[in-house]
J.: 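Quick one: structure below, then a few questions.
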Amino acid sequence: MKPYYITTAIDYTNAAPHIGHAYEKVLADVMARFQRLTGREVYFLTGVDQHGQKVQKSAEKMGISPQEFVDGVTEKFTALWSRLGVDYDGWAATTDEKHKRVVQAALQKLKDCGQLYTAKTKGFYSERAEQFLTDKERLEDGTFGEEWGTVTEIEEENWYFKLGEHVEWLRAFIQSHPDFITPAFRTADVLNALENSGGQDLCISRPVERLSWGIPLPFDERFVNYVWFDALVNYISFAGYLSEEAGNADMPVFARLWPADAHVIGKDILIPAHAIYWPIMLHALGFSDEEMPKLIVHGWWNIRGKKMSKSLGNVVDPQNVSDIFTPEGLRFYLMRDMATGYDADLSEERMEIAYNKELAGGLGNLLNRSLSMAQKYRSGVLAVSAYDDEIHQALRQTVADTVPRYLEKMQTWQIHQGIEEVWKIVFQANQFVDLTAPFKLAKDSEQAARLDSVLYHLAETLLHVSVLLTPIIPQACAKMREQIGWVMPEGFTFADLHWGLLKDGHQLNQPVPLFPRLELPVAE
RNA sequence: GGCAAGGUAGCUCAGUGGUUAGAGCGGGGGCUUCAUAAGCCCUAGGUCGGGAGUUCGAUCCUCCCCCCUGCCA
């Protein structure tokens with residue numbers, strides 16, 4: 001089976017990462033880790049989009065080079081990923097020379113097969129804003145406002161990509177491939193946009209006088225490439241596409257990885273970039289319908305129903321949140337509270353509940369009380385017991401039933417539902433302690449076999465949970481297994497999960513609170 | 001104006017063409033002591049936005065309307 005190739009959007013290095021960036025990368029990381037635990041090889045690519053006008057301007061303002069500027073911002077992203085345990089295999093930075101060479105090779109390829117052409121267009125250009133203005137910017141009397149400074153009509157030559165030529169193909173492709181976009185309801189928007197596009201071509205260049213911070217067109221030094229080829233091509237350039245033509249060494253074998261199993265993106269860049277430009281670019285480069293990637297479109301985190309934005313001043317810094325709720329607390333919350341594809345509300349109250357009630361009180365406390373009793377009554381040594389009854393059977397049954405349900409939810413990106421499935425085990429295990437009351441059994445030596453059985457069931461159940469939750473909270477799960485005293489064998493997969501992983505005489509370790517309860521100041 | 005997504009218990013949200021529509025939180029009552037003042041049990045009578053239709057039967061299907069959000073114009 002080919003490796004599972006998963007990518008995320010590459011983030012624009014003009015500002016520090018916010019919670020939406022964090023969500024997307026954690027989501028992809030969770031899926032990457034999940035796929036690995038199904039036994040599949042995985043290649044997880046993420047990165048940063050570093051070129052463009054905004055970066056050039058910001059760097060100028062600070063009096064440093066664009067490269068210095070983007071290096072600084074990039075570090076904030078990589079630091080965050082490291083902190084949140086986003087564990088990628090490939091890093092796509094668009095100023096990487098290897099990437100630039102592939103972009104140029106791809107553009108050359110398109111030019112050679114007649115997909116690119118030059119044209120002159122007239123437009124109203126604002127010196128101050130360094131951009132062309134459209135009718136949207138016009139005031140009611142037809143003039144442009146003072147904020148634009150002097151606006152002059154100029155004629156400019158640029159390179160264009162024959163996008164319009166492929167619109168019909170794309171429409172047919174989308175209609176015949178309902179799995180192209182997940183969730184499916186987004187497809188209607190795409191078909192709509194195609195309807196309204198009017199078959200327009202795509203401008204892919206900017207004159208170097210206006211934009212120097214970009215990848216030069218290989219066949220026309222007067223221009224640099226603008227936006228889409230630069231950014232979208234990362235999905236193939238860092239997967240090894242055209243690495244021979246570009247003279248790139250040590251790249252993945254493209255034929256093994258492609259097509260991507262999941263481009264994880266936000267709903268804001270579905271149209272037109274990922275659902276229209278990208279498949280058409282691939283199609284024009286000669287990719288077949290079977291070689292088209294799949295899109296996983298996630299929603300946004302809102303703040304009290306409002307969009308997060310700089311102007312509203314409600315942008316949430318994931319570093320701050322992980323300071324308070326711990327990195328794994330944040331990972332858990334982000335996966336727990338969003339139904340993939342839809343929007344969700346970011347709520348500090350919910351975060352606290354997720355941490356203190358679910359992680360600390362539910363899972364962490366279950367581990368703690370189970371190990372504590374095993375230490376207290378049996379010095380941490382488990383014994384396989386002949387005792388059995390309906391309560392014990394029911395717990396084993398729940399564990400066994402949960403695994404396939406969990407796998408199904410996770411495979412279809414319903415992470416929050418996968419978590420819910422696992423929590424049914426956590427809940428039942430806590431209930432199991434109350435029903436079996438091992439602390440009472442311990443007082444009666446005639447109940448020894450029964451007590452052994454209870455302690456064994458708790459440890460084995462927790463071990464299962466620690467495997468199932470590994471994609472979501474990998475570090476906490478590793479700690480759980482440390483305390484249980486069980487090392488996950490190399491190459492262990494979900495298929496290897498079966499009752500009886502812990503052997504007779506297994507030695508458990510001392511309990512240490514997994515998620516120390518957080519004392520948070522009361523919100524206003 | 002067009003398109004899309006929502007409108008379900010006080011709050012945040014699951015969910016399904018069919019016996020009494022669910023969870024968490026909050027609130028109220030109880031049990032327990034192994035545990036991170038954690039856990040477990042009981043407790044919500046909510047016209048599943050409104051109306052019409054299809055159906056033996058709809059919260060879930062169709063149509064119309066209203067409200068909110070997003071995108072486009």
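For clarity, every value in this text was computed on a predicted model and none was experimentally measured. Reminder, nothing fancy here: chain letters follow the sequence lines and each chain counts from 1.
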J.: Here's a test of your reading of the structure: between A:Leu359 and A:Lys440, which maps to the more 5' nucleotide of RNA chain B?
T.: A:Lys440

J.: Less than 4.0 angstrom between a side-chain N/O of A:Arg186 and OP1 or OP2 of B:A4, yes or no?
T.: no

J.: Quote, to the nearest angstrom, the P distance that separates B:G51 from B:G15.
T.: 25 Å

J.: For the side chain of A:Glu420, starting at C-beta, report the closest nucleotide among B:A14, B:A38, B:A5.
T.: B:A14

J.: Rounded to the Å, how far apart are A:Leu458 CG and B:G39 P?
T.: 16 Å

J.: Tell me which nucleotide, if any, is Watson-Crick or G-U wobble paired with B:A4 when both distances must be under 3.5 Å.
T.: B:U69

J.: Under a 4.0 Å N-O cut-off, is there an ion pair linking A:Lys409 with A:Glu421?
T.: no

J.: In whole Å, measure the gap between the C1' atoms of B:U43 and B:C61 for me.
T.: 36 Å

J.: Taking OP1 and OP2 of B:G39, is either one under 4.0 Å from a side-chain nitrogen or oxygen of A:Asn365?
T.: no

J.: By nearest atom, which of the nucleotides B:C25, B:C40, B:A35 is closest to the A:Asn368 side chain?
T.: B:A35

J.: Scan A:Leu367 against the nucleic acid and name what it touches under 4.0 Å (heavy atoms): base, sugar-phosphate only, or nothing.
T.: nothing

J.: So which nucleotide does B:U33 pair with, by the Watson-Crick or G-U wobble rule with both distances under 3.5 Å?
T.: none

J.: B:C3, B:C13, B:U32: which one has an atom nearest the side-chain heavy atoms of A:Asn192?
T.: B:C3

J.: Write down the distance between CG (A:Asn302) and P (B:A5), rounded to a whole number of angstrom.
T.: 17 Å

J.: Using a 4.0 Å heavy-atom cut-off across all strands, classify A:Phe515 as base, sugar-phosphate, or nothing.
T.: base

J.: What is the nucleic acid contact for A:Gly364, judged by heavy atoms within less than 4.0 Å: base, sugar-phosphate only, or nothing?
T.: base

J.: Please measure how far the C1' atom in B:C25 lies from the corresponding atom in B:C65, and state the result in whole Å.
T.: 34 Å

J.: Establish, with yes or no, whether the OP1 or OP2 oxygen of B:A23 is under 4.0 angstrom from a side-chain nitrogen or oxygen of A:Lys357.
T.: no

J.: Nearest-Å distance, CD1 (A:Ile271) to P (B:A5)?
T.: 13 Å

J.: Tell me which nucleotide among B:C34, B:A38, B:A4 gets nearest to the side chain of A:Arg517.
T.: B:A38

J.: Applying a 3.5 Å limit to both distances, which nucleotide forms a Watson-Crick or G-U wobble pair with B:G22?
T.: B:C13

J.: Report the nucleotide, chosen from B:A4, B:C34, B:U36, that has the shortest atom-to-atom distance to any side-chain atom of A:Phe185.
T.: B:A4

J.: Determine, step by step, whether A:Lys294 and A:Asp261 satisfy the salt bridge (charged side-chain N to carboxylate O under 4.0 Å, His left out) criterion, reporting the C-alpha distance in whole Å, the side-chain angles of both residues, the deciding distance to 0.1 Å, and the verdict.
T.: CA-CA 6 Å; A:Lys294 300 227 185 327; A:Asp261 297 273; over 6 Å; no

J.: Output the single nucleotide from B:U36, B:U32, B:A4 whose closest atom is nearest the side chain of A:Ala188.
T.: B:A4

J.: Are the aromatic rings of A:Trp228 and A:His274 close, with centres under 6.0 Å apart?
T.: no

J.: Does A:Leu363 or A:Gln414 map to a spot on RNA chain B nearer the 5' end, using the closest nucleotide for each?
T.: A:Gln414

J.: Rounded to whole angstrom, note down the C1' distance from B:U54 over to B:G39.
T.: 50 Å

J.: Under 4.0 Å from OP1 or OP2 of B:C41: is there any side-chain N or O of A:Gln431 that close?
T.: yes

J.: Can you tell me which nucleotide in B:U36, B:A5, B:A35 comes closest to the side chain of A:Leu514?
T.: B:U36

J.: Taking all non-hydrogen atoms of both residues into account, name the closest pair between A:Phe77 and A:Ala16 and its distance.
T.: CZ-C, 4.3 Å

J.: How close or far is atom C1' of B:G26 from atom CD of A:Glu352, stated in whole angstroms?
T.: 13 Å

J.: What I want to find out is whether A:Asp343 reaches A:Lys267 closely enough, with some N-O distance under 4.0 Å, to be called a salt bridge.
T.: yes

J.: Let me know the distance between CZ of A:Arg350 and P of B:C25, rounded to the nearest Å.
T.: 9 Å

J.: Please report the distance separating the P of B:A23 from the corresponding atom of B:G70, rounded so that it comes out in whole Å.
T.: 33 Å

J.: Please work out if A:Phe427 contacts a base, only the sugar-phosphate, or nothing of the nucleic acid, heavy-atom cut-off 4.0 Å.
T.: sugar-phosphate

J.: Heavy atoms from C-beta onward define the side chain here; which of B:A4, B:A35, B:A14 lies closest to that of A:Asp189?
T.: B:A4

J.: Would you say the ring centers of A:Phe173 and A:Phe180 fall short of 6.0 Å from each other?
T.: yes

J.: Tell me the interatomic distance from A:Leu435, atom CG, to B:G39, atom C1', rounded to whole angstroms.
T.: 11 Å

J.: Hey, does A:Glu358 reach any base, or is it just sugar-phosphate, or nothing, if we go heavy atoms under 4.0 Å?
T.: nothing

J.: Applying a 4.0 Å non-hydrogen cut-off, can you work out what A:Pro438 is touching in the nucleic acid: base, sugar-phosphate, or nothing?
T.: nothing

J.: For nucleotides B:C13 and B:U59, find the distance between their P atoms and express it as a whole number of Å.
T.: 23 Å

J.: Which base sits across from B:U47 as a Watson-Crick or G-U pair, both distances under 3.5 Å?
T.: none

J.: Does the gap between the ring centers of A:Trp413 and A:Tyr342 come in under 6.0 Å?
T.: no

J.: Determine the interatomic distance between P on B:G30 and the same-named atom on B:C34; round to the nearest Å.
T.: 22 Å

J.: Between B:C11 and B:G46, how far is it from one P atom to the other, in whole Å?
T.: 14 Å

J.: Measure from CH2 on A:Trp300 to P on B:A4 and round the result to the nearest Å.
T.: 20 Å

J.: Provide the Watson-Crick or G-U wobble partner of B:C61, both distances under 3.5 Å; none if there is no partner.
T.: B:G53

J.: What integer distance in Å separates A:Ile391:CD1 from B:C41:P?
T.: 13 Å

J.: Using only side-chain N and O atoms of A:Gln375, determine if any of them is under 4.0 Å from OP1 or OP2 of B:A35.
T.: no

J.: Output yes when A:Arg33 and A:Asp29 qualify as a salt bridge under the 4.0 Å nitrogen-oxygen rule, no when they do not.
T.: yes

J.: Is any NZ, NE, NH1 or NH2 atom of the basic residue among A:Asp323 and A:Arg83 found under 4.0 Å from an Asp or Glu carboxylate oxygen of the other?
T.: yes

